[in-house]
Amino acid sequence: MNYELADRVHKVLPSFTLQMVNRAAEMRSQGVNVINLSVGEPDFNTPDHIRRAAKEAMDNGFTKYTSGQGMLEFREAICNKLKQENGIEYMPDNILVSNGEKQSLYNVCQALFDADDKVVVFAPYWVSFPEFVRLSNAEPLIINTLSNKNYEPDFKDLALKDSSQIKGVIMNSPSNPTGGIWGEESIIRLLRLAKERDWVVISDECYERLVYDGHFISTEKLNRDHNIGASVITCISLSKTYSMTGWRIGYAAGPIPIIKAMSKIQGQSTSCANSIGQMAGIAALSGDQSCVIEMRDEFLKRRNMMVRLLNELPGVNCTMPGGAFYTFPDFSAYIDRTVNNEILKDTFSISEYILNNTQVATVPGDGFGAPGHIRFSYATSMEIIKKGIARVKMALSHII
Ligand code: GLU
């Protein structure tokens, strides 16, 4: 071997969500009947009018590079959406279109953070947040949330930490993996703290349209309504709202100097988001929104059923998530118990046991900084959910 991998490869953890997708796909290709309750990906096809716009884009030759920051027409459509739906006014220069919101989040960390910086990440967190921070050479500062208060931040935990090196904070409401939706008071409190201490607030709002209980409001809207003046970068995805995960289209909105810096970094990695996806994005944001409501209503039915079925499992406790499409039941009653002569020492081992013995893929909560919990996605049909949880029930009955 005459090469050595870079330190960052060793420093960064793999994406546990994508790892489970790969495991499930591999098992399926070997003919195993896998039930995939792991990935956060709607099972619906992308709505007709969006697919049609993409086909027309290809036929009309929109198959070339676009402006690195995103097509102007698309950025105008995004500004219009942010104004109408979120009550925030922006100009196209405030917007960066990326290959999925994930790239916007990665870019913003690259644009803002350096070695010796710390960035607040709330646990349970989406698996990629701490890794985006690590890939920018900064260090995630993990802060607990309160499970009995919709997973809002525990400000007491934050107060106990040395905050001198903190440069930013990443929030995500509705949350992946908990589905928790923060109340306005907590968001305002965080914004005030951020303003006072010069932290940039990165607000991942990819589940903004998947809200069943409670109320969603954009962080930047509260920042403006209350004249707080914090620096906020809002990151939004088309993947979840319009069932467009494979198109890889998302965007960021925020202060022009930060957007420009992110754009510069993106220009040296992927140039621009794909042109066909951007044309599809215009159709998604400007077209009929009834598809969004229909999908949301279906997710709501699935959520209610999944939570009921999970609570029927012995020793499992599942709270009702207010948004997104994940349940996050507590399986801690199974930790340190034995099955097939093996001790289940954490949720990695419980998820692995469930996958190997019943072919149901889930995501272990330890990967989200939440030991004892397991994430189940209900972005799949009622029938698959029922079958999957029946198999999990069977698997649990063998644990002693
Ligand atoms: N956000 C989704 C999930 O958590 C998609 C996979 C990923 O990129 O992590 O399942």
Side-chain angles (χ1 to χ4, degrees), residues 12-26 34-44 46 98-109 121-135 140 151 170-181 202-211 235-252 269-270 273 277 295 299 302-303 306 321 323-329 347-348 351 354-355 360-370 373-380 384-385 388:
V12 77
L13 291 173
S15 163
F16 294 116
T17 46
L18 296 183
Q19 260 188 343
M20 283 314 267
V21 179
N22 296 344
R23 287 284 306 277
E26 252 170 49
V34 182
I35 291 188
N36 192 358
L37 303 181
S38 69
V39 71
E41 171 165 69
D43 57 333
F44 308 108
T46 305
S98 299
N99 290 285
E101 185 198 335
K102 202 167 182 175
Q103 192 189 21
S104 285
L105 290 161
Y106 175 85
N107 286 339
V108 70
C109 292
V121 171
F122 298 100
Y125 43 75
W126 176 41
V127 294
S128 296
F129 291 152
E131 309 316 314
F132 294 146
V133 172
R134 288 193 182 102
L135 283 167
Y151 292 93
I170 305 180
M171 57 169 288
N172 171 222
S173 168
S175 145
N176 174 4
T178 67
I181 302 173
I202 300 167
S203 185
D204 171 2
E205 301 183 3
C206 83
Y207 299 98
E208 56 164 356
R209 303 290 297 274
L210 297 174
V211 171
C235 296
I236 301 186
S237 166
L238 271 69
S239 299
K240 318 291 179 179
T241 306
Y242 300 100
S243 197
M244 290 178 70
T245 47
W247 299 74
R248 309 311 303 133
I249 296 290
Y251 56 92
S269 57
T270 54
M295 289 190 269
F299 288 134
R302 296 169 178 188
R303 175 197 73 160
M306 185 180 254
F325 37 52
Y326 310 104
T327 55
F328 205 50
T347 57
F348 286 116
S351 271
I354 292 174
L355 180 63
V360 178
T362 57
V363 191
D366 285 88
F368 300 95
H373 290 256
I374 294 182
R375 192 187 81 174
F376 288 69
S377 160
Y378 52 88
T380 190
I384 292 178
I385 294 170

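FYI, the numbering just counts along the sequence from 1. Atoms within a ligand are numbered from 1 in the order they appear, just like the ligands themselves.
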Revision key, fill the gap. Note: Phe16, heavy atoms under 4.0 Å from ligand 1, region reported as neither
Practice item. Select one of side chain, backbone, both or neither to describe which atoms of Arg375 lie under 4.0 Å from any atom of ligand 1, heavy atoms only. Key: side chain
Check your understanding: Looking at the rings of Tyr326 and Phe299, which for Trp means the six-membered one, are their centres under 6.0 Å apart?
Key -> no
Check your understanding: Does a donor on one side chain sit under 3.5 Å from an acceptor on the other, for Ser351 and Thr362?
Key -> yes
Check your understanding: ligand 1 versus Val21, non-hydrogen atoms closer than 4.0 Å: side chain, backbone, both, neither?
Key -> neither
Point to revise | Within reach of ligand 1, part of Leu18 (heavy-atom separation under 4.0 Å) | key: side chain
Check your understanding: Which residue owns the protein heavy atom closest to atom 8 (O) of ligand 1, what's the atom, and how far is it?
Key -> Lys102 NZ, 2.8 Å
Review point. What part of Lys240, side chain from CB on, backbone N/CA/C/O, both or neither, has a heavy atom under 4.0 Å from ligand 1?
Key: side chain
**Study point:** Inter-residue atom distance Met171.CE - Ser203.OG, 0.5 Å rounding
**Key:** 4.0 Å
Exercise for review: State plainly whether the residues Lys102 and Asp204 are in salt-bridge range, i.e. N to O under 4.0 Å.
Suggested key: no
Study note, to complete from the structure: A student comparing Thr17, Thr245, Val363 should find that the heavy atom closest to atom 7 (C) of ligand 1 comes from Thr17
Exercise for review: Just jot down the ligand 1 atoms closer than 4.0 angstrom to any heavy atom of Tyr326, in number order.
Suggested key: 2 (C), 3 (C), 4 (O), 10 (O)
Exercise for review: Just do the side-chain contact (heavy atoms from CB on, under 4.5 Å) check on Phe122 and Ile170 with the steps written out, would you?
Suggested key: CA-CA 7 Å; Phe122 298 100; Ile170 305 180; over 6 Å; no
Review point. Ligand 1 and Val127, any nitrogen or oxygen pair closer than 3.5 angstrom?
Key: no
Study note, to complete from the structure: The salt bridge (charged side-chain N to carboxylate O under 4.0 Å, His left out) partners of Arg134 (sequence neighbours excluded) come to Glu131
**Study point:** Atoms in ligand 1 with a heavy atom of Gly40 nearer than 4.0 Å
**Key:** 2 (C), 3 (C), 10 (O)
Point to revise | ring pair (Phe, Tyr, Trp, His ring centres under 6.0 Å) involving Trp126 - partner list, sequence neighbours excluded | key: Phe129, Phe132
